[in-house]
*Asks:* 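The structure's right below; bear with me while I get my questions together.
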Protein chains: 2
Amino acid sequence: MPKLGMEPIRRAALVKATIDEIGAVGNLDVTVSNIARRAGMSSALAHHYFGGKDQIFLAAMRHTLRVYAAEVRAALADADGHKDRLAAIIRAGFTSSNFQPEVIAAWLNFYVLAQTSEDAHRLLRIYQRRLHSNLMHDLRPLIGGRAAGAALRIAGLIDGLYLRQGLARDPAGQGATAQVLALLHAELRGGAQ
Amino acid sequence: MPKLGMEPIRRAALVKATIDEIGAVGNLDVTVSNIARRAGMSSALAHHYFGGKDQIFLAAMRHTLRVYAAEVRAALADADGHKDRLAAIIRAGFTSSNFQPEVIAAWLNFYVLAQTSEDAHRLLRIYQRRLHSNLMHDLRPLIGGRAAGAALRIAGLIDGLYLRQGLARDPAGQGATAQVLALLHAELRGGAQ
DNA sequence: TTCTTTATTGACTCGTCAATCAAGAAAAAC
DNA sequence: GTTTTTCTTGATTGACGAGTCAATAAAGAA
């Protein structure tokens, strides 16, 4: 009983199923059949709507980035003043939703994919540039010329500590946030020149 | 004409071929046949000496870590004083040899592997602990109680900036080293508390 | 010399998976 | 009511890959 307008529903279901499946398997060795089964349809339909495996992966990556961007936006909406906004950006990277196993798996595998897929690399650059520009926007008024270096270090520390915490067997633990916030305060105090 | 004592030679050739092949392909979707061909032997021989694909990967990971550890040791041998030694540890992580495409690919894929393979996870922990303990050894005499946090931040920044620089299309660029050194100086000056 | 150990491979098995296709079924258009 | 469009799948194809095995060959031991 084919309802019309199924395309967006099917695509969304496939994207979610892809991320879940990558999270369950841990790498990109996931089959279109398993993704499709998880999304409640045949593998032929997945091919019909996405054309191929690569495009399914890219759609999943776009979705992951979109979710993260939305979280940052929401956190910024509740923040007041440059310093508060910077702290909000940092905290948004370490919320528990970012540490769901399937989200961690998605990020790690997208890093791998970015080595060989131009599209994946482009998407990752968008994330990096957005983070950098968000940081700069509030760092510049506070520390002027030292903002550029500080933004590089803060962004790098966010990525590095996310990587470490994501790979730790311990599911919880918000020590990473505190470390990045400590760096932020040092930068604001003029620590690194 | 089978010479005796081929095992260590074959194993070393396979490990090197594995890293090269992962670098060429960009991910762990490499076939035992291709690795073996690159190493100049049949795939059956690779299975004979390693037992299976997983063990070949682990051997490659061990080798990558061993090379890195040797570089750090060599850099430390030429360094004098706590401050100099800390700088040497940081620089060792960003030498050009660490940015060979096959080395970058190895690291990224080992991160992915560490999610699901207990052995890979264990090896990664060894790397992390060694780095942390190296940093602590020279930080503690300099800044005492603040060493623990500083070591976390420096190690995190090394990982994060390596990730970023490794994924950048630009092959050269040693800006990352400077950023970590800047953080080091800030920590020594008592910037982050 | 005969036996055992080490080295080596081609051929084969068994499984998996991406992608295609023809065909069916329901809604909408005409 | 017929045609067209959208949705859907089972079955199939074609390819590839991990791991096994029997067989060959040389070196050393007995």
*Asks:* Who pairs with D119(B) by salt bridge (Lys or Arg N to Asp or Glu O under 4.0 Å), at least two apart in sequence or on another chain?
*Replies:*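 Partners of D119(B) under the salt bridge (Lys or Arg N to Asp or Glu O under 4.0 Å) test: R122(B).
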
*Asks:* By nearest atom, which of the nucleotides dC7(D), dA19(C), dG19(D) is closest to the H47(A) side chain?
*Replies:*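 The nucleotide sitting nearest to the side chain is dA19(C).
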
*Asks:* Could you list the donor-acceptor pairs under 3.5 angstrom formed by side chains in residues 47-54 of chain A, with sequence neighbours left out?
*Replies:*
| residue | atom | partner | partner atom | Å |
| --- | --- | --- | --- | --- |
| H47(A) | ND1 | S43(A) | O | 3.3 |
| K53(A) | NZ | V30(A) | O | 3.0 |

*Asks:* Is the count of non-hydrogen atoms from other residues, nucleotides or ligands lying under 6.0 Å from H82(B) atom NE2 greater than 12?
*Replies:*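 Above 12, so yes.
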
*Asks:* Parallel, tilted or perpendicular: which one describes the rings of F99(B) and Y162(B), with boundaries at 30° and 60°?
*Replies:*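 The arrangement is tilted - the two ring planes meet at 30° to 60°.
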
*Asks:* Under 4.0 Å, counting only non-hydrogen atoms across every strand here, what does Y49(B) touch: a base, just sugar-phosphate, or nothing?
*Replies:*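 Touches sugar-phosphate only.
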
*Asks:* Which letter, B, S or -, goes with each nucleotide of nucleotides 9-14 of chain C from 5' to 3', with contact meaning a protein heavy atom under 4.0 Å?
*Replies:* BB----

*Asks:* Mind checking what makes side chain to side chain donor-acceptor pair (under 3.5 Å) contact with K16(A), not counting sequence neighbours?
*Replies:*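 So K16(A) forms a side chain to side chain donor-acceptor pair (under 3.5 Å) with D20(A).
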
*Asks:* For a quick test of your reading: what N or O donor-acceptor pairs under 3.5 Å do the side chains of residues 124-136 of chain B make, sequence neighbours left out?
*Replies:*
| residue | atom | partner | partner atom | Å |
| --- | --- | --- | --- | --- |
| Y127(B) | OH | D159(B) | OD1 | 2.8 |
| N134(B) | ND2 | R130(B) | O | 3.4 |

*Asks:* Heavy atoms only: give me the nearest A150(B)-I143(B) pair and the separation to one decimal.
*Replies:*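 Scanning both residues completely, I find the closest heavy atoms to be CB-CD1, 3.9 Å.
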
*Asks:* Go through residues 12-31 of chain B and report each residue with a non-hydrogen atom lying under 4.0 Å from DNA chain C, sorted by number.
*Replies:*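 Under 4.0 Å from DNA chain C: no residue of residues 12-31 of chain B.
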
*Asks:* Check each residue of residues 110-123 of chain A for a non-hydrogen atom within less than 4.0 Å of any atom in DNA chain D, then write out the ones that pass by number, or none.
*Replies:*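 Close to the strand, none.
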
*Asks:* Say whether, by atom type as modelled, one donor and one acceptor occur between the side chain of Q115(A) and the main chain of V112(A) under 3.5 angstrom.
*Replies:*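 Present.
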
*Asks:* Starting at CZ of R11(A) and ending at P of dC7(D), how long is that distance when rounded to a whole Å?
*Replies:*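 That distance rounds to 12 Å.
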
*Asks:* For residues 103-111 of chain B, please give each side-chain donor-acceptor pair under 3.5 Å, one per line with the distance, not counting sequence neighbours.
*Replies:*
| residue | atom | partner | partner atom | Å |
| --- | --- | --- | --- | --- |
| N109(B) | OD1 | L28(B) | N | 3.4 |
| N109(B) | ND2 | G26(B) | O | 3.2 |
| N109(B) | ND2 | A105(B) | O | 2.8 |

*Asks:* For DNA chain C, which residues of residues 56-63 of chain B approach it to below 4.0 angstrom with any heavy atom?
*Replies:*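 Nothing qualifies; none.
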
*Asks:* Whole angstroms only, please: what is the CZ-P distance between F50(B) and dT20(D)?
*Replies:*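 Distance check: F50(B) CZ to dT20(D) P gives 16 Å.
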
*Asks:* Would you tabulate the side-chain donor-acceptor contacts of residues 70-80 of chain B under 3.5 Å, counting partners in other chains and residues two or more places apart, or write 'none'?
*Replies:*
| residue | atom | partner | partner atom | Å |
| --- | --- | --- | --- | --- |
| E71(B) | OE1 | T95(B) | OG1 | 3.3 |
| E71(B) | OE1 | S97(B) | OG | 3.4 |
| E71(B) | OE2 | S97(B) | OG | 2.6 |

*Asks:* Using whole Å, what does the distance between atom P of nucleotide dC16(D) and atom NZ of K53(B) come to?
*Replies:*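 About 15 Å, once rounded to whole Å.
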
*Asks:* Please give, in whole Å, the distance from dT9(D) P to M6(A) CE?
*Replies:*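 The answer, rounded to whole Å, is 9 Å.
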
*Asks:* Considering all heavy atoms of both residues, which atom of T18(B) and which atom of A60(B) are nearest to each other, and what is their separation?
*Replies:*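 Closest heavy-atom pair between T18(B) and A60(B): CG2-CB, 4.0 Å.
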
*Asks:* To the nearest Å, how far apart are Q55(B) CD and dG19(D) C1'?
*Replies:*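 So the CD-C1' distance, Q55(B) to dG19(D), works out to 12 Å.
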
*Asks:* Looking at residues at least two apart in the chain, or sitting in another chain, which of them share a salt bridge (Lys or Arg N to Asp or Glu O under 4.0 Å) with R10(B)?
*Replies:*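 Salt bridge (Lys or Arg N to Asp or Glu O under 4.0 Å) check on R10(B) returns nothing, list empty.
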
*Asks:* Can you name the residues that form a side chain to side chain donor-acceptor pair (under 3.5 Å) with R91(A), not counting sequence neighbours?
*Replies:*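 Scan of R91(A) (side chain to side chain donor-acceptor pair (under 3.5 Å), adjacent residues dropped) gives none.
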
